[in-house]
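What you see is a predicted model; the values in this text were computed from it and never measured. Sequential numbering from 1 along the given sequence is applied to the chain's residues.
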Amino acid sequence: MTRTMYLKFNRIIHIVSLTFILVWQYITGKKESIPNLITVKLTELGGLYIKFLQILAFKPAFNDEDLFGESNVFDQLPFEPIHIEKIVQQLGDPSLVLDNTVPIAAGSFAQVYGARYKNRPVVIKVLRPSVERFISLDQKLIKLLAYVVAQFSRYQAYPLKAVVAQFIETTRQETNYILEIEKSEAVRKAYEAWPTIVIPQTYHALCRKNIIVQERLLGESITTIITRGADQPMRQVLSSRLSELGSATLIASLNGQQTHADPHPGNILLLEEGEKIGLIDFGISATAPINRYAFYNLVRAYNDYYQGQFDFNQFFDALFDFYAPELSNALKQSDTIYNQHYRKQITQYAEDIFMKHSNDPDVAFYIKSGRL
């Protein structure tokens, strides 16, 4: 048996045994130990499993004070052995000089190393070999595990299957570095009119299907600032820079350009003592909507909602026009021609559904926190 086959077999045994343990804990009334058990066991496997835990941690149905025990699935992840010196040598450019063999950052999919290219600071982002080797198998095992986990959620009607499907599609994007390189260039072009927003330059000649070499942005992540605590002047700086980033993203969307779609605090850096803001990690980007008029109305509906002026009819109309434009237009024409009120009836039906689910944990959480 080769080492790869052994490791694959070990992963299968790991997940299957975990599912049996979860079932036994549930049957014997030890449900309180299940969340922490899941976290510990999946963290041991790393890669996609940690990413899956991070996704669950953001879901209100699972985001509970007793769900993940004392574990923090967003902590700096352990490093994986990578022969980075050999990788740099294989790239074949003597102008690329490694700073250190120890990564400066590690995520669930990649490790990042500091280097210099033509005496300029750069980062070398390398896809973890374990992710590359086991991604197909891990996706199947996560599907199996998700089915079992769903049985132990206090909200068993939660659409975990849909969450897993979306998660798998996202992992495909985030592990496709050729696609990420294209996205980073598209995003760089979309924000080039904003002097306070910095998108790192990508050095295409040094990139490969599992390696990205980009300009290194020397700044402090929003995550670090939040953790440390920000005084009032810093909060004002943050507010100003983030408002500019929000405006730039909205305008880029309305102009039909591609935008950064993963702007969590770890991917946003404050540069030059707050004079500029930088974006990193372009594994997930968003394509601008085709129907920009409908998109504008949707943004306006959300704005009214945030201002405390929630009108269900207005909100639903905006959603309907944006997500189902053909059906929306057909109903409008049908109602005009035949003097019917089908669209109004559908809106009323949708409002009934909304009210019925207003006590659903996810819906209630999003309404309460202003994240509908």
Side-chain angles (χ1 to χ4, degrees), residues 58 166 169-170 173-174 176 179-202 214 217 222 236-271 274-333 343 347 350 354 366-367 369-372:
F58 275 119
Q166 185 178 26
E169 177 56 34
T170 299
Q173 293 185 42
E174 290 193 80
N176 184 342
L179 183 61
E180 180 172 342
I181 292 166
E182 294 174 359
K183 290 177 178 178
S184 68
E185 289 303 296
V187 172
R188 194 163 187 252
K189 183 177 180 180
Y191 292 96
E192 63 185 357
W194 296 79
T196 58
I197 300 175
V198 180
I199 308 298
Q201 178 183 351
T202 301
Q214 282 182 331
L217 300 185
I222 305 299
Q236 291 177 345
V237 169
L238 276 175
S239 177
S240 178
R241 296 289 86 83
L242 291 174
S243 293
E244 290 169 0
L245 178 60
S247 297
T249 301
L250 180 58
I251 290 172
S253 297
L254 291 171
N255 285 338
Q257 296 174 296
Q258 202 161 39
T259 60
H260 193 289
D262 192 21
H264 64 71
N267 284 343
I268 305 174
L269 306 178
L270 207 59
L271 312 174
E275 291 297 316
K276 295 183 179 181
I277 198 167
L279 291 176
I280 59 174
D281 195 348
F282 304 90
I284 306 175
S285 67
T287 303
I290 297 174
N291 190 336
R292 295 175 209 167
Y293 179 75
F295 177 61
Y296 170 78
N297 285 335
L298 185 61
V299 171
R300 187 173 63 177
Y302 269 106
N303 182 66
D304 289 345
Y305 163 68
Y306 292 138
Q307 299 298 324
Q309 302 168 10
F310 180 65
D311 181 311
F312 181 85
N313 287 350
Q314 178 203 12
F315 196 82
F316 179 75
D317 281 347
L319 288 173
F320 202 177
D321 289 341
F322 183 72
Y323 288 107
E326 294 86 0
L327 179 58
S328 175
N329 290 333
L331 284 171
K332 286 178 180 177
Q333 293 180 35
R343 186 183 170 96
T347 302
F354 176 77
Y366 288 130
I367 293 174
S369 60
R371 295 165 54 192
L372 182 63

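The line from CD1 of Ile284 to OG1 of Thr259 is 12.0 Å long, rounded to the nearest 0.5 Å. Once rounded to the nearest 0.5 Å, the distance linking NE2 of His260 with CG of Leu245 reads 9.0 Å. To the nearest 0.5 Å, atom CG of residue Asn267 and atom CG of residue Asp281 are 4.5 Å apart. Note that CG of Leu179 is 7.0 Å distant from OG of Ser285, once rounded to the nearest 0.5 Å. Expressed to the nearest 0.5 Å, how far CG of Leu238 lies from CG of Leu270 amounts to 5.5 Å. Rounding to the nearest 0.5 Å gives a distance of 9.0 Å between CD of Gln258 and CD of Glu182.
Relative ring orientation between Phe310 and Tyr305 is described as perpendicular, the plane-to-plane angle rising above 60° on a 0-90° scale split at 30° and 60°. Aromatic ring orientation, Tyr302 versus Phe315: perpendicular (interplanar angle above 60°, classes split at 30° and 60°).
Contact annotation: the side chain of Glu180 never approaches that of Asn176 to less than 4.5 Å [non-hydrogen atoms, C-beta and beyond]. With a 4.5 Å cut-off on side-chain heavy atoms, Phe282 and Gln214 count as touching.
Of all non-hydrogen atoms in Pro289 and Ser253, the two that sit nearest each other are CD-O, 4.0 Å. For Ala261 against Ala286, the heavy-atom pair with the smallest separation is CB-N, 3.5 Å. For the residue pair Leu279 and Leu217, the shortest heavy atom distance occurs at O-CD1, 3.9 Å. Contact between Ala294 and Phe322 at its shortest, heavy atoms only, is CB-CA, 3.9 Å. Taking all atoms of both residues into account, the shortest heavy-atom contact from Phe312 to Thr347 is CE2-O, 3.7 Å. Between Val198 and Lys276, the closest heavy-atom pair is CG2-CD, 3.8 Å.
Side-chain polar atoms of Thr249 and Tyr191 form a donor-acceptor pair below 3.5 angstrom.
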Chi angles and distances behind the side chain to side chain contact (heavy atoms under 4.5 Å, CB included) call for Glu185, Lys189: CA-CA 6 Å; Glu185 289 303 296; Lys189 183 177 180 180; over 6 Å; no

Where do Asn303 and Gln307 land on the side chain to side chain contact (heavy atoms under 4.5 Å, CB included) test, with the steps shown first? CA-CA 6 Å; Asn303 182 66; Gln307 299 298 324; 3.9 Å; yes

Apply the test side chain to side chain contact (heavy atoms under 4.5 Å, CB included) to residues Val299 and Leu254: give CA-CA distance (whole Å), side-chain angles for both, the deciding distance (0.1 Å), then the verdict. CA-CA 11 Å; Val299 171; Leu254 291 171; over 6 Å; no

Go through it in stages, so that I can follow the logic: the residues are Ile277 and Thr196, the test is side chain to side chain contact (heavy atoms under 4.5 Å, CB included), and I'd like the CA-CA distance, side-chain angles, deciding distance and then a yes or no. CA-CA 6 Å; Ile277 198 167; Thr196 58; 5.5 Å; no

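Judged purely by atom type and a 3.5 angstrom limit, Thr170 uses its side chain to pair as donor or acceptor with the backbone of Gln166. At distances below 3.5 Å, at least one donor-acceptor pair connects side-chain atoms of Ser184 with backbone N or O atoms of Ile181.
For residues 287-297, the pairs satisfying side chain to side chain donor-acceptor pair (under 3.5 Å) are Asn297-Arg300, with sequence neighbours left out. For residues 304-327, the set of pairs meeting the salt bridge (charged side-chain N to carboxylate O under 4.0 Å, His left out) definition, not counting sequence neighbours, comprises Asp317-Arg343, Asp321-Lys332, Asp321-Arg343.
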